[in-house]
Amino acid sequence: MTPQTAEDYKDRFLKHLSQTVPGRKEMVITRASGCRLFTPDREYLDMISGIAVANIGHSHPEVIEAVERQIREYSHVNVYGRFVLAPQVEIAERLTRVAPGDLDVAFLTSTGTEANEGALKLARKYTGRPGYVAFEGSFHGRTYGSLSVSWRDRYRDGFQPLLEQVTFVPFDDLDAAAQAIGPETAGVIVEPIQGEAGVRIPADDFLPGLRELCSDHGALLIADEIQGAMGRAGHWYSCQEWEVTPDIITVAKAVGGGLPLGAFISTREIFSTFLDPPLSHVTTFGGNPVSCAAAIAAFDVVERERLAERAVEMGENMRKGFDVMMEKHDALETVRGLGLWWAFDVSPTENAMAVVAAMERRGVIVGSMLNADGTIRIAPPLTVTTAELDEMFNALDNALTELAGS
Ligand SMILES: Cc1ncc(COP(=O)(O)O)c(C=O)c1O
C-alpha cells in the first residue's frame, strides 16, 4: 500500500465506519507480525497485544498454517452443536484439561461478551434465582447482560433499563460482598484481576473468600478470564494464582490466536440445565471451525513454549524497568502487574493520553483503560524479548521527559 492509498483509506474510514471514538485515525495497518505492527511508512512495537489478544504474537506461522488447512476442509457447516466437529472437540478438550476442578465442559462462542451472556444465563437457569453481584470497576462487555454487570454510569446511562437485580460492591471488599450475596443471588461475576479498572490485583484472601461466600449461599462464582487467560498472568487462568475453582470461567480474546473465539466453561452438571428445554442456548458462529483451528495452534504454542512461565520471568524484567522509571519520573505515580499484565498511573491524570500519544510518536503502542482514567496499560505478547521491553522503556522515558519539559 502506498502512503497515498493509506491517506485515501483514512478519509473513507471516516465516511463508512461507525466510530465510537471521534477523530481521524492516523495508522493504516498493512501487516502485523510478532510484537510488530506495520503501516506503509513505519513499524510500531505493539505493547498491548491488540488488547490481550496476541499472546503468542501477531500472525503466528502455526496459526496461519492451521487456518489455511482448516478452511480448505470446511469452515461453517451448521449451527453450533448439530454435528461433531473435530476442531471444536480439540479446543474444548484443551481448555477444560487445564481448567481447575471439574470444569470439564465448554460452550464455544465467538466473543467475550457472548461468553459472559451465556454464563449469566446459565447461572440464572441453574439456580432459578434472579440476582447478580458484580464489582465496581468491572468490565464484562457491551451487550445487554454483560453491560448490566459492568460498572461505570457513563457507559450504562444511555442504555437503561438494564437487568434490574444487579448489586455492585467495591472490588476486593469481602465484607461488602458478604452483605450483597444472599438467597436471591444466581451468580457473582468477577474478574480475578480487574483489567479495565487498571490491572487491579486483589488481596490474597479475596477470591478464596468469594468462593466460600458463593458456596455458602448456593450462588455460582463466575470468573471472567477474558483478559486474564492463556498465560497472561502466569497461569492458564488467572484464578489459579489463588488456587480457586469457580463454577463458570469465561474466556475469549487470546484463546482464538487472533481469530474470534470465546467460551464459557463449567461442569457437566451445571450445563445439563441447558438441555431442558433443548436448544436453550444456541449460536450460529460460536466455535467456528476455522477459529477453533487457530485456537488449537495458539494453545499448543502457549503450552509448548511455556509462555505462562515466561510471562512471570519477563514480568520480573518489567518490574525492574518500572523501578528505574519510578525513580526518575515524578509523573509516574504507581505501577502494578502480574506476569505480563501491567498498568501505571500518570499524574496528573489528564496527561495520560499525552503519554500514549508521545509513545506512539516514538513507535510504541500502549493504551488507556475503559474504567481507570489516568492509567496506561502494558500487556505485550508473551513472546516479547528483553530488547523489546528496553525499547518500550526507552520510549516511555523519553515521553515522560518530553512532557515534564512542556
Ligand atoms: C474482562 C473482559 N470481559 C469481557 C470483555 C468483552 O469481550 P469482547 O470485546 O470480546 O466482547 C472484555 C473486553 O475487553 C474484557 O476485557
Side-chain angles (χ1 to χ4, degrees), residues 18 20-21 48-55 95 107-123 132 134-152 155-156 159 162-163 166 168 171 187-202 207 221-233 235-239 241 246 248-265 283 285-288 291 294-295 298 337-343 366-372 375-379:
S18 155
T20 59
V21 180
I48 55 175
S49 313
I51 310 201
V53 170
N55 283 20
L95 291 173
F107 187 110
L108 302 172
T109 66
S110 303
T111 63
T113 197
E114 273 180 85
N116 284 335
E117 293 288 337
L120 294 170
K121 283 178 69 181
L122 187 59
Y132 301 101
F135 293 90
E136 293 173 11
S138 64
F139 177 62
H140 299 294
R142 287 293 189 237
T143 51
Y144 265 95
S146 302
L147 181 59
S148 299
V149 292
S150 293
W151 186 71
R152 210 163 196 194
Y155 300 125
R156 298 163 53 90
F159 302 99
L162 300 172
L163 285 180
V166 179
F168 284 94
F171 184 65
V188 175
I189 183 161
V190 64
E191 297 156 80
I193 295 171
Q194 280 193 328
E196 294 305 313
V199 189
R200 298 281 159 195
I201 303 166
L207 208 62
L221 180 62
I222 304 167
D224 177 336
E225 298 275 5
I226 287 160
Q227 281 199 43
M230 292 287 277
R232 174 62 54 198
H235 304 274
W236 283 108
Y237 303 101
S238 66
C239 61
E241 174 74 12
I248 308 175
I249 288 178
T250 62
V251 292
K253 287 189 178 280
V255 162
L259 270 73
L261 189 75
F264 52 112
I265 302 165
T283 161
F285 278 126
N288 178 273
S291 294
L338 193 65
L340 278 172
W341 198 6
W342 286 76
V366 296
S368 57
M369 302 281 196
L370 275 174
N371 292 342
T375 303
I376 293 179
R377 78 174 83 232
I378 307 279

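In each ligand, atom 1 is the first atom listed, and ligand 1 is the first ligand listed. This chain uses plain numbering: 1 for the first residue, then up along the sequence. Hydrogens, waters and symmetry mates are skipped; everything else that's a heavy atom, side chains included, is used.
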### Message
Between Arg200 (side chain only) and Ala197 (backbone N and O only), is there a donor and an acceptor less than 3.5 Å apart?
### Response
yes
### Phe135: partners by ring-ring contact (aromatic ring centres under 6.0 Å, His included), with sequence neighbours left out
Phe206
## Note on the structure
Output for ligand 1, non-hydrogen cut-off under 4.0 Å, lists Thr111, Gly112, Thr113, Asn116, Phe139, His140, Gly141, Glu191, Asp224, Ile226, Gln227, Lys253
### Message
Counting neighbours of CZ on Phe159 that are heavy atoms of other residues, nucleotides or ligands and sit closer than 6.0 Å, is the number greater than 12?
### Response
no
### Task
Using a strict 4.0 Å threshold on nitrogen-to-oxygen distance, state whether Glu196 and Arg377 make a salt bridge.
yes
### Message
My understanding is that only residues two or more places apart in sequence, or in another chain, count here; which of them pass side-chain hydrogen bond (donor to acceptor under 3.5 Å, both in side chains) with Asp224?
### Response
Asn116, His140
### Task
Mind jotting down which residue pairs meet the salt bridge (Lys or Arg N to Asp or Glu O under 4.0 Å) criterion with at least one end in residues 135-144? Sequence neighbours excluded, please.
none
